[in-house]
Amino acid sequence: IFAAALVLMVLVFVATSIFSTGILEKSTKAVRVGEHTISSDMLNYFYIDQVYNWVNQYSDLISMFGLDVTKPLDQQKYLSSDNTWADNFLEQALATIQTTYALYDDAIAHGVTLSEDDNKTVKATLTSYGVQALQSGLNMNDYLVQLYGRGANADSFQEYLEVVQLATSYYTNYYNGLSYGEEDYQEAEKENYDKYSTYDYSYYFVSANDYREGGTKNENGTTVYTDEEKAAAVKKAGEIANFLLEDARKGPQALIDAALSLEINLGKKEEDLNYADMSLLFTELPEVTKDWVTDAQRKSGDATVLESTNTTKNDDGTETTTVLGYYVVIFGEKRTNEFELVNIRNILVSYDSTENAPTTAEKEATRKKAADLLLKWSAGENANEESFAKLADEQAGTTSANGGLAENVYPGALLDNLDEWVFADERKEGDTTILETDYGYYILYYVGPNGTIYRDYMIDNELRDADAEEWYSALVE
């Protein structure tokens with residue numbers, strides 16, 4: 001992940017290069033949204049934040065997109081299009097302006113204004129920028145000009161923050177205000193009850209490529225196989241898969257042991273095999289396994305071989321289907337997800353190093369800090385959820401003061417070791433622990449089941465997403 005300093009460098013560079021060319025000033029003349037005339041400084045805020053958000057989201061993949069953050073955006077082609085990266089970000093910024101003001105105007109029309117919490121959020125952002133300005137040896141206006149270009153100032157920046165905050169809160173409050181009940185859930189289930197179920201199964205994949213023999217090198221040094229050689233490899237892979245099927249019927253471990261005994265896997269460890277234990281919702285199941293896994297007659301321990309193919313369309317419109325290999329599949333169980341979700345509270349004690357992997361000494365220092373925090377809390381007079389939430393707020397700072405609460409947690413939603421601890425059979429309300437992760441050490445407090453059924457939760461979110469999207473789309477047209 002990009003370090004904060006690098007992200008800031010990118011922002012300063014973007015502002016300097018973009019505004020020195022006058023790209024946005026030229027575009028601003030024609031920018032109107034409803035009754036609003038968007039000033040150059042307001043457009044600058046939307047534009048630069050669009051870049052900033054993109055950099056944050058794709059920081060690890062920037063080079064793969066072909067973007068060089070050390071060069072002006074208007075001098076680099078955007079992917080394979082005729083547009084530049086500057087054109088692309090400007091287009092996105094203008095779209096964001098349209099949707100933001102559509103929500104903002106509707107909020108104003110309905111008498112909605114910034115809440116106390118909204119004002120606190122805006123104030124916290126302004127305070128943060130003010131601190132950064134001081135650290136840079138600049139006043140607020142000069143700092144904003146450095147980030148957002150000519151014309152940026154504290155007053156217009158606050159207006160920008162207030163517009164965005166009201167639009168965001170208005171949408172969030174509408175979304176959260178939608179309400180559904182048992183009848184709605186049952187109606188949604190009628191079409192496909194299994195849609196909200198989870199399926200557990202295991203598989204070993206026998207790749208046809210692993211059994212190709214012969215072949216000749218072409219002028220590029222690539223081995224090319226004849227159709228007959230490819231067909232022979234597919235046949236061999238099928239034979240191997242059916243050989244493994246007998247062991248698969250004895251269970252996952254028997255399948256693993258049999259796979260390890262294959263000549264192609266000699267010397268390999270279990271984790272090196274093309275083997276996996278899957279736990280997927282109906283909507284996540286791959287097509288190759290979906291029909292078999294979801295068959296109403298399927299029972300635990302059933303095993304089969306499924307052919308994996310790939311179909312491509314030729315230039316003349318015809319299609320070619322290639323057999324890639326075979327899945328040896330063992331069915332585990334179908335779970336209807338009629339269990340309660342849980343709430344937890346958490347405190348992340350991060351490693352000091354953000355650019356490199358932490359050293360053993362850094363890990364130990366971080367673990368000790370987490371242990372000291374937990375010990376101090378547990379030794380207090382009121383070592384309960386309320387006091388843990390207070391401690392979480394103290395550690396998180398003023399911008400994310402929610403007591404470290406994570407609601408509606410379901411199996412698979414957390415990092416593996418956190419998930420294992422939270423959903424252990426012996427877990428009880430008030431339990432705490434410290435667990436190591438790649439990000440630091442988590443201090444967890446188990447609140448307990450919250451009364452929400454996972455199945456209903458999924459249906460509720462699906463209905464909410466659809467209704468909110470319909471409302472939002474009509475609003476921004």
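Side chains are part of it too, since the values below use all heavy atoms of this structure and drop only hydrogens, waters and symmetry mates.
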What pairs of residues pass the ring pair (Phe, Tyr, Trp, His ring centres under 6.0 Å) test when at least one of them lies in residues 287-337, not counting sequence neighbours?
Tyr203-Tyr327, Phe205-Tyr327
If you count the non-hydrogen atoms of other residues, nucleotides and ligands that lie under 6.0 Å from CG in Asp416, is the total more than 12?
no
Quick one, Asp184 and Asp460 - any side-chain contact, counting heavy atoms below 4.5 Å?
no
Can you tell me how far the NZ atom of Lys269 sits from the CG atom of Asp272, to the nearest 0.5 Å?
7.5 Å
Give, for atom CG of Asn192 and atom OG of Ser197, the distance between the pair rounded to the nearest 0.5 Å.
8.5 Å
Does a side-chain heavy-atom distance below 4.5 Å link Thr311 with Thr322?
no
Should the pair Glu229-Arg212 be classified as a salt bridge under the 4.0 Å nitrogen-to-oxygen rule?
no
For atom CG of Asn220, decide whether the heavy atoms of other residues, nucleotides or ligands shown that lie under 6.0 angstrom number more than 12.
yes
Take atom CD in Glu426; do more than 12 heavy atoms of anything else shown fall under 6.0 Å from it?
yes
Please determine, by modelled atom types, if Gln57 and Asn53 share a side-chain donor-acceptor pair under 3.5 angstrom.
no
If we count only N and O atoms by modelled type, under 3.5 Å, do the side chains of Ser128 and Gln132 hold a donor and an acceptor together?
yes
Please report the closest heavy-atom contact between Ala406 and Asn346, naming both atoms and the distance.
CB-ND2, 4.3 Å
Could you tell me whether a side-chain N or O of Asp393 sits under 3.5 Å from a main-chain N or O of Asn402, the two making a donor and an acceptor?
yes
Just checking, is any N or O donor in the side chain of Ser169 or Asn173 under 3.5 Å from an acceptor N or O on the other one?
no
Other residues, nucleotides, ligands: >12 heavy atoms within 6.0 Å of Lys268 NZ:
yes
Any donor and acceptor pair, going by atom type alone, linking the side chain of Asn83 with main-chain N or O of Asp87 inside 3.5 Å?
no
Ser473 side chain to Glu470 main-chain N or O, any donor-acceptor pair under 3.5 Å?
no
4.5 Å side-chain heavy-atom contact, Thr168 and Thr172:
yes
Tyr275: what forms a side-chain hydrogen bond (donor to acceptor under 3.5 Å, both in side chains) with it, not counting sequence neighbours?
Ser202, Asp277
Among all residues two or more places apart in sequence or in another chain, which pass the ring-ring contact (aromatic ring centres under 6.0 Å, His included) test with Tyr180?
none
Measure the acute angle between the ring planes of Phe282 and Tyr199, then classify it against the limits of 30° and 60° as parallel, tilted or perpendicular.
tilted
Residues in salt bridge (charged side-chain N to carboxylate O under 4.0 Å, His left out) contact with Lys368, at least two apart in sequence or another chain
Asp372
If you count heavy atoms of other groups shown closer than 6.0 angstrom to CD of Glu271, is the number above 12?
yes
Quick check: are there more than 12 heavy atoms from other residues, nucleotides or ligands sitting under 6.0 Å from NZ of Lys236?
no
Salt bridge (Lys or Arg N to Asp or Glu O under 4.0 Å) contacts touching residues 188-207 (sequence neighbours left out)
Glu187-Lys190, Glu189-Arg455, Asp194-Lys334, Lys195-Glu462, Asp200-Arg335
With Lys390, which residues qualify under side-chain hydrogen bond (donor to acceptor under 3.5 Å, both in side chains), at least two apart?
none
Taking the side chain as everything from C-beta on, heavy atoms only, tell me whether Phe339 gets closer than 4.5 Å to Pro411.
yes
For Tyr225, check ring-ring contact (aromatic ring centres under 6.0 Å, His included) against everything at least two apart and list the hits.
none
So, Arg345 and Glu385, do they make that salt bridge, N to O below 4.0 Å?
yes
Can you confirm whether more than 12 heavy atoms, excluding those of Tyr58, are under 6.0 Å from its OH atom?
no
In the structure I gave you, are the side-chain heavy atoms of Asn209 and Leu324 within less than 4.5 Å of one another anywhere?
no
Trace of the side chain to side chain donor-acceptor pair (under 3.5 Å) decision for Asn382 with Glu386
CA-CA 8 Å; Asn382 297 304; Glu386 182 179 351; over 6 Å; no
Sidechain-backbone polar pair: Asp49 side chain, Tyr52 backbone, donor-acceptor under 3.5 Å
no
Donor-acceptor contact below 3.5 Å, side chain Asn265 vs main chain Leu262:
no
Is Thr289 reaching over with its side chain to a backbone N or O of Leu285, donor-acceptor style, under 3.5 angstrom?
no
Sub-4.5 Å side-chain heavy-atom contact between Leu273 and Leu260:
yes
Short question: side chain of Thr222, backbone of Asn218 - any donor-acceptor pair under 3.5 Å?
no
Asp302 (side chain) donor-acceptor with Arg298 (main chain) under 3.5 angstrom:
no
Could you work out, with salt bridge (charged side-chain N to carboxylate O under 4.0 Å, His left out) as the rule, every residue matching Asp431, not counting sequence neighbours?
Arg427, Lys428
Can you establish whether the number of heavy atoms outside Glu307 located under 6.0 Å from its atom CD is more than 12?
yes
Is any side-chain heavy atom of Tyr454 closer than 4.5 Å to one of Thr336?
no
Considering residues at least two apart in sequence or located in another chain, which fulfil the salt bridge (charged side-chain N to carboxylate O under 4.0 Å, His left out) criterion with Glu246?
Arg249
For the backbone of Lys77 and the side chain of Ser81, can you confirm whether one donor and one acceptor N or O come within less than 3.5 Å of each other?
no
Exam field: side chain Asp316 to backbone Thr318, donor-acceptor pair closer than 3.5 Å
yes
Residue set satisfying salt bridge (charged side-chain N to carboxylate O under 4.0 Å, His left out) with Lys217, at least two apart, ordered chain then number -> none
How would you list, by chain and number, every residue that makes a ring-ring contact (aromatic ring centres under 6.0 Å, His included) with Phe388, sequence neighbours excluded?
Trp377, Tyr445
Which residues satisfy the side-chain hydrogen bond (donor to acceptor under 3.5 Å, both in side chains) test with Asn408, sequence neighbours excluded?
Asn450
If we count only N and O atoms by modelled type, under 3.5 Å, do the side chains of Asn337 and Thr198 hold a donor and an acceptor together?
yes
Trace of the salt bridge (charged side-chain N to carboxylate O under 4.0 Å, His left out) decision for Glu436 with Arg367
CA-CA 8 Å; Glu436 179 185 352; Arg367 186 203 63 77; over 6 Å; no
